[in-house]
Amino acid sequence: MEKELDERKQKILKAIIQTYLETGEPVGSRTISKYTDLNLSSATIRNEMSDLEDMGYILQPHTSAGRIPSDKGYRLYVDALMKEKEEEVSEIKELMIQKTDRMEKVLKQVVKILASNTNYATMITGPSYHHTKVKFIQLSRVSVDQLLAVIVVDGNMVRNQMIHLEEEMDEETVLKLNLLLNTQLNGLTVEEISLGMIAKMKEQAGIHSGVVSQVVDAIAAAISEEEEMPVFTSGATNILKYPELSDNEMAAQLISAFEEKKPLADFLEETKSEDGEETGIQIYIGSESPIQTMKDCSVVTATYELGDGMTGTIGIIGPKRMDYENVVDNLKTLKAQLDSIFKKE
(Lines give C-alpha, C1' and ligand atoms only; values in the text may rest on other atoms or scores of the structure.)
Protein backbone atom coordinates (compact mmCIF):
# COMPACT_ATOMS: atom_id res chain seq x y z
CA MET A 1 0.00 0.00 0.00
CA GLU A 2 1.06 3.62 -0.44
CA LYS A 3 3.61 5.21 1.91
CA GLU A 4 1.16 7.80 3.21
CA LEU A 5 -0.87 5.04 4.85
CA ASP A 6 0.70 3.60 7.99
CA GLU A 7 -0.10 0.05 9.08
CA ARG A 8 -2.91 1.14 11.40
CA LYS A 9 -4.73 3.08 8.68
CA GLN A 10 -4.24 0.17 6.26
CA LYS A 11 -5.84 -2.23 8.75
CA ILE A 12 -8.75 0.11 9.43
CA LEU A 13 -9.35 0.67 5.69
CA LYS A 14 -9.23 -3.09 5.07
CA ALA A 15 -11.74 -3.67 7.91
CA ILE A 16 -14.09 -0.98 6.50
CA ILE A 17 -13.98 -2.48 2.99
CA GLN A 18 -14.45 -6.08 4.14
CA THR A 19 -17.33 -5.12 6.45
CA TYR A 20 -18.99 -3.07 3.69
CA LEU A 21 -18.60 -5.91 1.18
CA GLU A 22 -20.33 -8.28 3.61
CA THR A 23 -23.15 -5.98 4.70
CA GLY A 24 -23.62 -3.37 1.97
CA GLU A 25 -24.23 -0.88 4.81
CA PRO A 26 -22.09 2.20 5.64
CA VAL A 27 -19.58 1.28 8.36
CA GLY A 28 -19.25 3.11 11.70
CA SER A 29 -16.26 3.34 14.05
CA ARG A 30 -17.92 1.16 16.67
CA THR A 31 -18.25 -1.73 14.19
CA ILE A 32 -14.57 -1.39 13.24
CA SER A 33 -13.48 -1.40 16.91
CA LYS A 34 -15.01 -4.91 17.18
CA TYR A 35 -13.40 -6.22 14.00
CA THR A 36 -9.80 -5.00 14.10
CA ASP A 37 -7.04 -6.59 16.16
CA LEU A 38 -5.68 -3.13 17.08
CA ASN A 39 -7.51 -2.73 20.41
CA LEU A 40 -8.20 0.94 19.65
CA SER A 41 -10.91 3.09 21.13
CA SER A 42 -13.82 4.29 19.00
CA ALA A 43 -12.45 7.84 19.33
CA THR A 44 -9.04 6.87 17.89
CA ILE A 45 -10.73 4.93 15.07
CA ARG A 46 -12.95 7.97 14.34
CA ASN A 47 -9.82 10.14 14.01
CA GLU A 48 -8.18 7.61 11.69
CA MET A 49 -11.38 7.34 9.62
CA SER A 50 -11.47 11.11 9.36
CA ASP A 51 -7.89 11.05 8.00
CA LEU A 52 -8.79 8.28 5.54
CA GLU A 53 -11.73 10.40 4.35
CA ASP A 54 -9.45 13.45 3.90
CA MET A 55 -7.08 11.25 1.86
CA GLY A 56 -9.97 10.16 -0.36
CA TYR A 57 -10.05 6.46 0.56
CA ILE A 58 -13.53 6.47 2.13
CA LEU A 59 -16.68 8.55 1.68
CA GLN A 60 -19.53 9.54 4.00
CA PRO A 61 -22.98 9.18 2.40
CA HIS A 62 -25.19 12.15 3.31
CA THR A 63 -27.83 9.98 4.94
CA SER A 64 -25.51 8.10 7.30
CA ALA A 65 -22.91 8.54 10.00
CA GLY A 66 -20.97 5.55 8.62
CA ARG A 67 -18.45 5.47 5.76
CA ILE A 68 -18.19 3.52 2.51
CA PRO A 69 -15.08 2.85 0.38
CA SER A 70 -14.28 5.23 -2.52
CA ASP A 71 -12.93 3.99 -5.88
CA LYS A 72 -9.47 4.97 -4.62
CA GLY A 73 -10.01 2.87 -1.47
CA TYR A 74 -11.18 -0.12 -3.50
CA ARG A 75 -8.19 0.23 -5.84
CA LEU A 76 -5.75 0.17 -2.91
CA TYR A 77 -7.52 -2.86 -1.40
CA VAL A 78 -7.66 -4.76 -4.70
CA ASP A 79 -3.99 -4.08 -5.52
CA ALA A 80 -2.94 -5.31 -2.06
CA LEU A 81 -5.25 -8.35 -2.34
CA MET A 82 -3.94 -9.21 -5.82
CA LYS A 83 -0.32 -8.89 -4.66
CA GLU A 84 -1.04 -11.15 -1.69
CA LYS A 85 -2.81 -13.76 -3.85
CA GLU A 86 -0.15 -13.65 -6.58
CA GLU A 87 2.53 -14.25 -3.93
CA GLU A 88 0.45 -17.10 -2.52
CA VAL A 89 -0.01 -18.71 -5.97
CA SER A 90 3.70 -18.22 -6.72
CA GLU A 91 4.67 -19.84 -3.40
CA ILE A 92 2.33 -22.76 -4.09
CA LYS A 93 3.89 -23.30 -7.54
CA GLU A 94 7.40 -23.15 -6.07
CA LEU A 95 6.47 -25.60 -3.31
CA MET A 96 4.96 -28.01 -5.84
CA ILE A 97 8.10 -27.91 -8.01
CA GLN A 98 10.25 -28.76 -4.97
CA LYS A 99 7.85 -31.48 -3.83
CA THR A 100 7.62 -32.96 -7.35
CA ASP A 101 11.41 -33.07 -7.69
CA ARG A 102 11.68 -34.81 -4.34
CA MET A 103 8.86 -37.21 -5.19
CA GLU A 104 10.52 -38.17 -8.50
CA LYS A 105 13.78 -38.95 -6.69
CA VAL A 106 11.93 -41.10 -4.15
CA LEU A 107 9.93 -42.98 -6.81
CA LYS A 108 13.03 -43.64 -8.95
CA GLN A 109 14.74 -45.01 -5.82
CA VAL A 110 11.69 -47.17 -5.00
CA VAL A 111 11.68 -48.96 -8.39
CA LYS A 112 15.44 -49.59 -8.18
CA ILE A 113 15.16 -51.12 -4.71
CA LEU A 114 12.16 -53.19 -5.79
CA ALA A 115 13.96 -54.51 -8.88
CA SER A 116 16.98 -55.37 -6.76
CA ASN A 117 14.96 -57.07 -3.98
CA THR A 118 12.79 -59.17 -6.31
CA ASN A 119 15.02 -59.69 -9.38
CA TYR A 120 12.05 -58.78 -11.59
CA ALA A 121 11.21 -55.79 -13.77
CA THR A 122 9.47 -52.99 -11.85
CA MET A 123 7.45 -49.85 -12.61
CA ILE A 124 5.74 -47.10 -10.65
CA THR A 125 3.51 -44.18 -11.65
CA GLY A 126 3.71 -40.73 -10.12
CA PRO A 127 0.58 -39.91 -8.13
CA SER A 128 -2.52 -38.40 -9.74
CA TYR A 129 -5.43 -36.65 -8.04
CA HIS A 130 -8.97 -37.90 -7.55
CA HIS A 131 -12.01 -36.22 -5.99
CA THR A 132 -10.10 -32.96 -6.06
CA LYS A 133 -11.57 -30.06 -4.08
CA VAL A 134 -11.56 -26.33 -4.82
CA LYS A 135 -9.12 -24.46 -2.55
CA PHE A 136 -9.80 -20.90 -3.66
CA ILE A 137 -10.86 -18.80 -6.63
CA GLN A 138 -9.47 -15.39 -7.49
CA LEU A 139 -11.12 -13.17 -10.11
CA SER A 140 -9.30 -10.05 -11.24
CA ARG A 141 -10.04 -7.45 -13.89
CA VAL A 142 -7.70 -7.44 -16.89
CA SER A 143 -9.67 -4.91 -18.95
CA VAL A 144 -13.22 -3.51 -19.07
CA ASP A 145 -14.49 -6.66 -20.77
CA GLN A 146 -12.08 -9.34 -19.50
CA LEU A 147 -11.52 -11.14 -16.19
CA LEU A 148 -8.75 -13.52 -15.23
CA ALA A 149 -9.95 -16.43 -13.08
CA VAL A 150 -7.21 -18.20 -11.10
CA ILE A 151 -8.46 -21.49 -9.65
CA VAL A 152 -6.40 -23.42 -7.09
CA VAL A 153 -7.46 -26.99 -6.35
CA ASP A 154 -6.23 -29.78 -4.01
CA GLY A 155 -2.62 -30.68 -4.53
CA ASN A 156 -2.14 -26.92 -5.17
CA MET A 157 -2.67 -27.28 -8.92
CA VAL A 158 -3.32 -23.88 -10.46
CA ARG A 159 -5.41 -23.18 -13.55
CA ASN A 160 -5.84 -19.77 -15.21
CA GLN A 161 -8.88 -19.00 -17.34
CA MET A 162 -9.70 -15.81 -19.27
CA ILE A 163 -13.37 -14.83 -19.02
CA HIS A 164 -14.90 -12.47 -21.60
CA LEU A 165 -17.61 -10.20 -20.20
CA GLU A 166 -20.75 -9.15 -22.01
CA GLU A 167 -21.29 -6.33 -19.53
CA GLU A 168 -18.59 -4.05 -18.09
CA MET A 169 -17.75 -4.83 -14.47
CA ASP A 170 -16.44 -2.50 -11.76
CA GLU A 171 -14.03 -3.49 -8.97
CA GLU A 172 -16.75 -3.70 -6.32
CA THR A 173 -18.68 -6.23 -8.41
CA VAL A 174 -15.49 -8.28 -8.98
CA LEU A 175 -14.91 -8.32 -5.22
CA LYS A 176 -18.51 -9.33 -4.51
CA LEU A 177 -18.24 -12.14 -7.09
CA ASN A 178 -14.98 -13.31 -5.46
CA LEU A 179 -16.73 -13.43 -2.09
CA LEU A 180 -19.76 -15.22 -3.55
CA LEU A 181 -17.73 -17.87 -5.42
CA ASN A 182 -15.33 -18.56 -2.56
CA THR A 183 -18.06 -18.69 0.07
CA GLN A 184 -20.11 -21.15 -1.97
CA LEU A 185 -17.46 -23.33 -3.64
CA ASN A 186 -14.36 -23.61 -1.44
CA GLY A 187 -13.85 -27.15 -0.14
CA LEU A 188 -16.22 -28.74 -2.67
CA THR A 189 -15.47 -31.34 -5.36
CA VAL A 190 -17.01 -30.97 -8.83
CA GLU A 191 -19.53 -33.70 -7.92
CA GLU A 192 -20.69 -31.63 -4.93
CA ILE A 193 -21.37 -28.46 -6.97
CA SER A 194 -25.07 -28.94 -7.64
CA LEU A 195 -27.25 -27.32 -10.31
CA GLY A 196 -29.31 -25.72 -7.53
CA MET A 197 -26.17 -24.14 -6.07
CA ILE A 198 -25.13 -22.80 -9.50
CA ALA A 199 -28.66 -21.41 -10.09
CA LYS A 200 -28.57 -19.65 -6.69
CA MET A 201 -25.15 -18.10 -7.42
CA LYS A 202 -26.30 -16.97 -10.88
CA GLU A 203 -29.32 -15.31 -9.30
CA GLN A 204 -27.06 -13.48 -6.83
CA ALA A 205 -24.67 -12.49 -9.64
CA GLY A 206 -27.52 -10.85 -11.59
CA ILE A 207 -26.43 -9.59 -15.03
CA HIS A 208 -23.04 -11.23 -14.47
CA SER A 209 -24.49 -14.74 -14.13
CA GLY A 210 -22.51 -15.81 -17.21
CA VAL A 211 -19.28 -15.36 -15.20
CA VAL A 212 -20.49 -17.94 -12.65
CA SER A 213 -21.06 -20.48 -15.46
CA GLN A 214 -17.60 -19.86 -16.92
CA VAL A 215 -15.88 -20.17 -13.52
CA VAL A 216 -17.71 -23.46 -12.77
CA ASP A 217 -16.68 -24.76 -16.23
CA ALA A 218 -13.08 -23.72 -15.55
CA ILE A 219 -13.17 -25.54 -12.18
CA ALA A 220 -14.45 -28.71 -13.88
CA ALA A 221 -11.69 -28.40 -16.51
CA ALA A 222 -9.01 -27.78 -13.85
CA ILE A 223 -10.04 -30.85 -11.91
CA SER A 224 -10.62 -33.24 -14.79
CA GLU A 225 -7.59 -32.15 -16.81
CA GLU A 226 -5.38 -35.18 -17.22
CA GLU A 227 -1.74 -34.41 -16.81
CA GLU A 228 0.80 -36.71 -18.41
CA MET A 229 1.43 -39.28 -15.73
CA PRO A 230 5.12 -40.06 -15.20
CA VAL A 231 6.12 -43.74 -15.16
CA PHE A 232 9.47 -44.80 -13.71
CA THR A 233 10.88 -48.25 -14.51
CA SER A 234 13.84 -50.35 -13.43
CA GLY A 235 15.27 -53.85 -13.92
CA ALA A 236 13.92 -54.50 -17.45
CA THR A 237 17.00 -56.67 -18.15
CA ASN A 238 16.12 -58.88 -15.14
CA ILE A 239 13.64 -60.50 -17.55
CA LEU A 240 16.60 -62.06 -19.38
CA LYS A 241 17.49 -64.08 -16.26
CA TYR A 242 14.48 -66.38 -16.80
CA PRO A 243 14.89 -68.93 -19.66
CA GLU A 244 11.19 -68.94 -20.57
CA LEU A 245 11.34 -65.17 -21.15
CA SER A 246 14.83 -64.85 -22.60
CA ASP A 247 13.95 -65.93 -26.15
CA ASN A 248 15.41 -63.08 -28.24
CA GLU A 249 12.18 -61.94 -29.88
CA MET A 250 10.08 -62.26 -26.74
CA ALA A 251 12.65 -60.47 -24.56
CA ALA A 252 13.00 -57.67 -27.13
CA GLN A 253 9.20 -57.20 -27.18
CA LEU A 254 8.99 -57.14 -23.39
CA ILE A 255 11.83 -54.65 -23.03
CA SER A 256 10.40 -52.37 -25.75
CA ALA A 257 6.97 -52.53 -24.01
CA PHE A 258 8.78 -51.35 -20.92
CA GLU A 259 10.46 -48.48 -22.74
CA GLU A 260 7.17 -47.36 -24.29
CA LYS A 261 5.68 -45.82 -21.17
CA LYS A 262 2.16 -44.94 -22.40
CA PRO A 263 0.68 -48.50 -22.46
CA LEU A 264 2.23 -49.12 -19.04
CA ALA A 265 0.72 -45.91 -17.65
CA ASP A 266 -2.71 -46.79 -19.10
CA PHE A 267 -2.52 -50.31 -17.68
CA LEU A 268 -1.48 -49.11 -14.23
CA GLU A 269 -4.21 -46.45 -14.24
CA GLU A 270 -6.83 -49.10 -15.09
CA THR A 271 -5.74 -51.33 -12.21
CA LYS A 272 -6.52 -48.49 -9.78
CA SER A 273 -10.20 -48.35 -10.65
CA GLU A 274 -10.83 -52.07 -10.17
CA ASP A 275 -11.85 -53.48 -6.79
CA GLY A 276 -8.83 -55.17 -5.26
CA GLU A 277 -8.40 -56.64 -1.82
CA GLU A 278 -7.97 -54.30 1.12
CA THR A 279 -4.24 -54.25 0.44
CA GLY A 280 -4.90 -52.84 -3.03
CA ILE A 281 -2.68 -55.61 -4.43
CA GLN A 282 -3.78 -57.39 -7.62
CA ILE A 283 -2.18 -60.21 -9.61
CA TYR A 284 -2.55 -60.72 -13.39
CA ILE A 285 -1.34 -64.12 -14.63
CA GLY A 286 -0.45 -64.66 -18.30
CA SER A 287 -3.27 -63.78 -20.66
CA GLU A 288 -5.11 -61.88 -17.87
CA SER A 289 -2.72 -59.00 -18.52
CA PRO A 290 -4.17 -56.43 -20.95
CA ILE A 291 -0.72 -55.82 -22.49
CA GLN A 292 -0.30 -58.37 -25.29
CA THR A 293 3.50 -58.61 -25.00
CA MET A 294 3.16 -59.62 -21.34
CA LYS A 295 0.98 -62.68 -21.93
CA ASP A 296 3.81 -65.03 -20.86
CA CYS A 297 4.43 -63.08 -17.64
CA SER A 298 2.74 -62.38 -14.35
CA VAL A 299 2.13 -58.78 -13.28
CA VAL A 300 1.52 -57.82 -9.65
CA THR A 301 0.23 -54.28 -8.97
CA ALA A 302 -0.46 -52.26 -5.83
CA THR A 303 -2.10 -48.87 -5.34
CA TYR A 304 -0.36 -46.48 -2.94
CA GLU A 305 -1.94 -43.39 -1.38
CA LEU A 306 -0.27 -40.13 -0.44
CA GLY A 307 -3.25 -38.44 1.19
CA ASP A 308 -5.25 -35.49 -0.26
CA GLY A 309 -6.81 -37.91 -2.77
CA MET A 310 -3.45 -38.60 -4.44
CA THR A 311 -2.89 -42.18 -5.62
CA GLY A 312 -0.38 -44.01 -7.79
CA THR A 313 0.44 -47.59 -8.75
CA ILE A 314 3.45 -49.90 -8.34
CA GLY A 315 3.88 -52.89 -10.69
CA ILE A 316 6.22 -55.90 -10.80
CA ILE A 317 6.65 -58.04 -13.93
CA GLY A 318 8.24 -61.47 -13.91
CA PRO A 319 7.73 -65.05 -15.06
CA LYS A 320 4.53 -66.90 -14.16
CA ARG A 321 6.61 -68.90 -11.65
CA MET A 322 7.54 -65.73 -9.75
CA ASP A 323 7.90 -65.81 -5.97
CA TYR A 324 4.46 -64.31 -5.29
CA GLU A 325 4.88 -64.26 -1.52
CA ASN A 326 8.14 -62.29 -1.70
CA VAL A 327 6.66 -59.87 -4.26
CA VAL A 328 3.52 -59.21 -2.17
CA ASP A 329 5.63 -58.71 0.99
CA ASN A 330 7.87 -56.21 -0.84
CA LEU A 331 4.85 -54.31 -2.18
CA LYS A 332 3.23 -54.11 1.26
CA THR A 333 6.47 -52.79 2.78
CA LEU A 334 6.90 -50.19 0.03
CA LYS A 335 3.28 -49.03 0.27
CA ALA A 336 3.78 -48.43 4.01
CA GLN A 337 7.07 -46.58 3.38
CA LEU A 338 5.54 -44.31 0.72
CA ASP A 339 2.60 -43.55 3.04
CA SER A 340 4.92 -42.55 5.88
CA ILE A 341 7.26 -40.47 3.67
CA PHE A 342 4.60 -38.29 2.08
CA LYS A 343 1.73 -38.16 4.55
CA LYS A 344 3.88 -36.45 7.15
CA GLU A 345 4.65 -33.46 4.90
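It should be emphasised that the depicted structure is a prediction, and the values quoted were computed from it without experimental measurement.
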What's the separation between atom CD in Gln184 and atom CD1 in Ile137, rounded to the nearest 0.5 Å? 10.0 Å
If I take atom CG from residue Leu40 and atom OG from residue Ser29, how far apart are they, to the nearest 0.5 angstrom? 11.0 Å
Just checking, is any N or O donor in the side chain of Thr173 or Asp170 under 3.5 Å from an acceptor N or O on the other one? yes
Does a donor on one side chain and an acceptor on the other come within less than 3.5 Å for Asn330 and Asn326? yes
Roughly how far, to the nearest 0.5 Å, is CG of Asn117 from OG1 of Thr333? 9.0 Å
State the CD1-OG1 distance between Ile316 and Thr118, to the nearest 0.5 angstrom. 5.0 Å
Going hydrophobic residue to hydrophobic residue with side-chain gaps under 4.5 angstrom, can you get from Met162 over to Val150? yes
Assess the side chains of Tyr74 and Glu172: does a donor N or O sit below 3.5 Å from an acceptor N or O? yes
Minimum heavy-atom separation for Arg321 and Pro243, please, with both atom names. NH2-CD, 3.6 Å
Side chains of Val211 and Leu177, heavy atoms from C-beta outward: is any pair under 4.5 Å? yes
Would you check if Lys202 and Val212 make a side-chain contact, meaning some heavy-atom pair closer than 4.5 Å? yes
Tell me whether the count of non-hydrogen atoms from other residues, nucleotides or ligands lying under 6.0 Å of NZ in Lys200 goes above 12. no
Shortest non-hydrogen contact between Arg75 and Glu171, atoms and distance: NH2-OE2, 2.5 Å
Hydrophobic clustering (ILVMFWY, side-chain heavy atoms < 4.5 Å, transitive) - are Val328 and Leu331 grouped together? yes
Would you check if the side chain of Glu288 reaches a backbone N or O of Ile285 as a donor-acceptor pair within less than 3.5 Å? yes
With distance as the sole test, does Thr183 use its side chain to make a donor-acceptor pair with the main-chain N or O of Leu179 at under 3.5 Å? yes
Scanning both residues in full, the closest heavy-atom pair of Leu245 with Cys297 reads CD2-SG, 4.0 Å
For Ala15, does its backbone N or O pair with a side-chain atom of Thr19 as donor and acceptor, under 3.5 Å? yes
Quick one, Leu185 and Glu192 - any side-chain contact, counting heavy atoms below 4.5 Å? no
Once you round to the nearest 0.5 Å, how far does OG1 of Thr44 lie from CD1 of Ile32? 14.0 Å
Tyr242 side-chain N/O to Asn238 backbone N/O, donor-acceptor pair under 3.5 Å: no
Between Leu52 and Lys9, is the side-chain contact (heavy atoms from CB on, under 4.5 Å) condition met? List the steps. CA-CA 7 Å; Leu52 285 167; Lys9 284 190 177 66; 4.2 Å; yes
Looking at every non-hydrogen atom in both residues, tell me the closest pair between Leu181 and Leu139 and how far apart they are. CD1-CD1, 3.6 Å
State plainly whether one hydrophobic cluster holds both Met169 and Ile207, where clusters connect Ile, Leu, Val, Met, Phe, Trp and Tyr through side-chain heavy atoms under 4.5 angstrom apart. no
With a 4.5 Å limit on heavy-atom distance, are the side chains of Arg67 and Leu59 in contact? no
Of all heavy-atom pairs linking Gly286 and Lys320, the shortest is CA-CE, 3.8 Å
Would you say Ser70's side chain and Tyr57's backbone share a donor-acceptor pair under 3.5 angstrom? yes
Verify side-chain contact (heavy atoms from CB on, under 4.5 Å) between Thr233 and Thr122, making sure each step is shown before the conclusion. CA-CA 6 Å; Thr233 60; Thr122 57; over 6 Å; no
Mind checking whether Met49 and Glu53 have side chains closer than 4.5 Å, heavy atoms only? no
Please check if the side chain of Lys332 supplies one atom and the backbone of Val327 the other of a donor-acceptor pair under 3.5 Å. no
Would Tyr77 and Leu13 count as a side-chain contact (heavy atoms from CB on, under 4.5 Å) here? Give the steps. CA-CA 8 Å; Tyr77 176 74; Leu13 177 60; 5.9 Å; no
Kindly indicate whether the side chain of Ser234, heavy atoms from C-beta on, has any atom under 4.5 Å from the side chain of Leu114. no
Answer yes or no: is there a side-chain heavy-atom contact under 4.5 Å between Ile58 and Ile16? yes
Where do Ser194 and Met197 land on the side-chain contact (heavy atoms from CB on, under 4.5 Å) test, with the steps shown first? CA-CA 5 Å; Ser194 66; Met197 200 182 289; 3.3 Å; yes
Do you reckon Ile113 sits in the same ILVMFWY cluster as Val300, going by side-chain contacts under 4.5 Å, direct or chained? no
Donor-acceptor pair, distance only, cut-off 3.5 Å: does the side chain of Thr125 make one with the backbone of Thr313? yes
Got a sec: does the CG of Asp79 have more than 12 other heavy atoms crowding it under 6.0 Å? yes
Looking only at non-hydrogen atoms, find the nearest pair between Ser33 and Ile45 and report the distance. CA-CD1, 3.4 Å
If you define the side chain from C-beta out and look only at heavy atoms, does anything of Arg141 sit under 4.5 Å from Gln146? no
Under 3.5 Å, is there a donor-acceptor pair between the Asn186 and Lys135 side chains? no
Rounded to the nearest 0.5 Å, the OG atom of Ser298 sits from the OH atom of Tyr120 at a distance of 9.0 Å
